[in-house]
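Have a look at the structure below, then the notes.
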There are 2 protein chains.
Amino acid sequence: MTDTKTRILDAALALFNRFGERNVTTNHIAGELGISPGNLYYHYRNKAAIVSALFDRYREHLLTLLTVPEGPLTWEDKMGYFEGILASMWEGRFLHRDLAHFLHQDPVLRDRYKVFVEDSLARGLGIYQRLRDSGLIEASDEELRALLVNTWVLAASWPGFTHGLNPEISGDETLDRGLLRQGIYQIICLEAPYLRGEALDHLDAMKREYRLDETALDRLFGAVGQVRSE
Amino acid sequence: MTDTKTRILDAALALFNRFGERNVTTNHIAGELGISPGNLYYHYRNKAAIVSALFDRYREHLLTLLTVPEGPLTWEDKMGYFEGILASMWEGRFLHRDLAHFLHQDPVLRDRYKVFVEDSLARGLGIYQRLRDSGLIEASDEELRALLVNTWVLAASWPGFTHGLNPEISGDETLDRGLLRQGIYQIICLEAPYLRGEALDHLDAMKREYRLDETALDRLFGAVGQVRSE
DNA sequence: GTCTATATCGGGATAGAC
DNA sequence: GTCTATCCCGATATAGAC
């Protein structure tokens, strides 16, 4: 059994992602773990400290994944990156969802978040440049930077977008996984025009791999899944 | 002088966008207008009713802008569309920022929001198809749908993204306008690979038109503005 | 480290006068 | 339509025993 401090973080993360931090009280978290509210406050001096600790964890994980690798990259490396990064951002989705409030109430977090985004984008650019050197994508520096920002925003916002369309089913493992995969599909489409070489050769296969089929899309999005003109 | 009911909505919108709905109490809104809290509750039975009314307003405005036009389109039409739609989504940015909470607490809004997104995407697809017919863009149906969803998510999330990097300066008219324009630039980059004909001819000009210069970017984003490898 | 009991506080919302 | 005064409630956080 892991220690209480960690278990509180795990429980809080699950509840925050599912219901939104605003709708999860410290009592809920304690109740979920079968411990008392007092005990929770023994480990974290307040709710914001829990959020802050979750941010730390999230940042560490994501920045690790964003380490610019040595040597040339293959398209499999590239997909591995995407999977990991997207999954990590999905895991920390409550943070992006209620970001405005967290930054509003915690000036320290505000500064740390800004640095975090800067770091992430810097590393992301490094990776994209490596991909370009490896002949997997072709784009000017300006195109690369715009693509990078769009990728970041989309990856960070996708969970919130899907949650808006399915507030009730969040927390269902299978469906959550489907939504995440569809997010990867959207990112693939984002950079599709810039792919070259073996990345381009595998584009269609990757699209098929991640795109949800009609029935799954239908279940997740309803009419949004298969947009049609009126 | 417009009626109190409308003034409440206007004040609430401004405060919500600036500080986040969560950080704006009904007393703040009343105080901002120089009216009493009781008076506010005479016009709206609770805070959620204000949010709901603002959503109505927002939806009406956006769906009007998304009406599929008659006849072929020019690239100027296209930019006009973008300007209007992005400005409208910027105007309603607090809604997208705290969407999770609003949908959580108001089941009616939940359903109406979903229909709204479906409608918007359907109309958006209609417009994109019209643009394709007019020879301004070239893309398969699948590419068009993915592009549409990415555009929507980016447009809806851009204000939240920028706010996260500049929580303090929100509310400043000039800077807000700069951030909005940079958002349009990002959207232009999103669809750049699919542009054809006169839209393509004007691409560079449009990028220059909307992209903020280095000093402005620097002021708005700091290091994020000019991402560099480490 | 963990519990129970409780203090505190602030925002949402109402009652009733004017 | 608008005001003042106030209630209510729930969530955060603490005190002190075990």
Side-chain angles (χ1 to χ4, degrees), chain A residues 1-55 94-95 97-109, chain B residues 1-55 94-95 97-109:
Chain A
M1 176 95 86
T2 58
D3 63 338
T4 305
K5 197 156 183 169
T6 310
R7 289 173 60 230
I8 290 172
L9 244 39
D10 293 336
L13 177 61
L15 291 172
F16 288 170
N17 276 337
R18 182 155 185 195
F19 301 111
E21 178 269 351
R22 190 175 185 175
N23 305 306
V24 175
T25 70
T26 48
N27 284 9
H28 287 158
I29 302 170
E32 180 79 8
L33 291 169
I35 67 173
S36 66
N39 191 2
L40 184 147
Y41 277 91
Y42 169 81
H43 292 285
Y44 295 93
R45 76 183 179 291
N46 57 31
K47 200 182 179 188
I50 298 178
V51 172
S52 180
L54 284 171
F55 171 76
F94 90 92
L95 280 168
R97 220 153 59 192
D98 285 333
L99 190 62
H101 178 251
F102 300 141
L103 301 184
H104 181 91
Q105 67 165 23
D106 184 346
V108 178
L109 189 62
Chain B
M1 174 93 85
T2 56
D3 63 339
T4 305
K5 196 156 183 168
T6 310
R7 290 174 59 231
I8 291 173
L9 243 37
D10 293 336
L13 178 61
L15 291 172
F16 288 170
N17 276 339
R18 183 155 183 196
F19 301 110
E21 176 269 351
R22 189 176 183 174
N23 305 306
V24 175
T25 70
T26 47
N27 283 10
H28 287 159
I29 303 170
E32 179 79 10
L33 290 169
I35 67 172
S36 67
N39 190 3
L40 184 147
Y41 277 92
Y42 169 79
H43 291 284
Y44 296 93
R45 77 184 178 291
N46 58 29
K47 200 180 178 190
I50 298 178
V51 172
S52 180
L54 285 171
F55 170 76
F94 90 92
L95 279 168
R97 219 152 60 191
D98 285 333
L99 190 62
H101 175 69
F102 301 141
L103 301 184
H104 182 92
Q105 66 165 23
D106 184 345
V108 178
L109 189 62

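Labels below follow one simple rule: chain letters A, B, ... track the order of the sequence lines, proteins then strands, and each chain is numbered from 1.
- Considering only heavy atoms from C-beta on, Arg22(A) stays 4.5 Å or farther from His101(A) through its side chain.
- When the side-chain nitrogen and oxygen atoms of Thr26(B) are compared with OP1 and OP2 of dG12(C), one or more of them lie within a distance under 4.0 Å.
- Taking atom CG on Leu40(A) and atom P on dT14(D), their separation rounds to 12 Å, with Å as the unit.
- Taking 4.0 angstrom as the limit, Thr4(A) places a side-chain polar atom (N or O) nearer than this to OP1 or OP2 of dT2(C).
- Mapping His28(A) and Gly38(A) onto DNA chain D via the closest heavy atom, the residue that lands nearer the 5' end is His28(A).
- Below 30°, between 30° and 60°, or above 60°: for Phe16(A) and Phe94(A) the angle between ring planes is between 30° and 60°, a tilted geometry.
- In this structure, Arg22(A) places its CZ atom 13 Å from C1' of dA11(D), rounding to the nearest Å.
- Between Gln105(B) atom CD and dG10(D) atom P there is a gap of 15 Å when expressed in whole angstrom units.
- The shortest distance between the side-chain N/O atoms of Asn46(B) and the OP1/OP2 oxygens of dG12(C) is not below 4.0 Å.
- As rounded to whole Å, 16 Å separates atom P of dT14(D) from atom OH of Tyr44(A).
- Contact annotation for Ser36(A): base contact, defined as any heavy-atom pair under 4.0 Å involving a base atom.
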Show your reasoning for whether side chain to side chain donor-acceptor pair (under 3.5 Å) applies to Thr6(B) and Asp3(B). CA-CA 6 Å; Thr6(B) 310; Asp3(B) 63 339; 2.5 Å; yes

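- Within 4.0 Å of Thr25(A), counting heavy atoms only, lie sugar-phosphate atoms of the nucleic acid but no base atom.
- The NZ atom of Lys47(A) sits 22 Å away from the P atom of dT8(C) (whole-angstrom rounding).
- Distances shorter than 4.0 Å separate none of the side-chain N or O atoms of Tyr42(B) from OP1 or OP2 on dT2(D).
- Side-chain contact between Lys5(A) and Tyr44(A) is present, with at least one heavy-atom pair separated by less than 4.5 Å.
- One interatomic measurement links the two molecules: CG of Asn27(B) to C1' of dC3(D), which rounds to 13 Å at whole-angstrom precision.
- Applying the 4.0 Å criterion to OP1 and OP2 of dA13(C), one finds that Tyr41(B) has a side-chain N or O inside that range.
- Per the geometry, CD1 belonging to Ile35(B) stands 14 Å off C1' belonging to dT4(D), to the nearest Å.
- Between Asn39(B) and the phosphate of dC3(D), there is a side-chain N or O to OP1/OP2 separation shorter than 4.0 Å.
- At a threshold of 4.5 Å between non-hydrogen side-chain atoms, the residues Leu33(A) and Asn39(A) do not count as touching.
- For the pair Leu33(A) CG and dC3(C) C1', the computed distance is 15 Å after rounding to whole Å.
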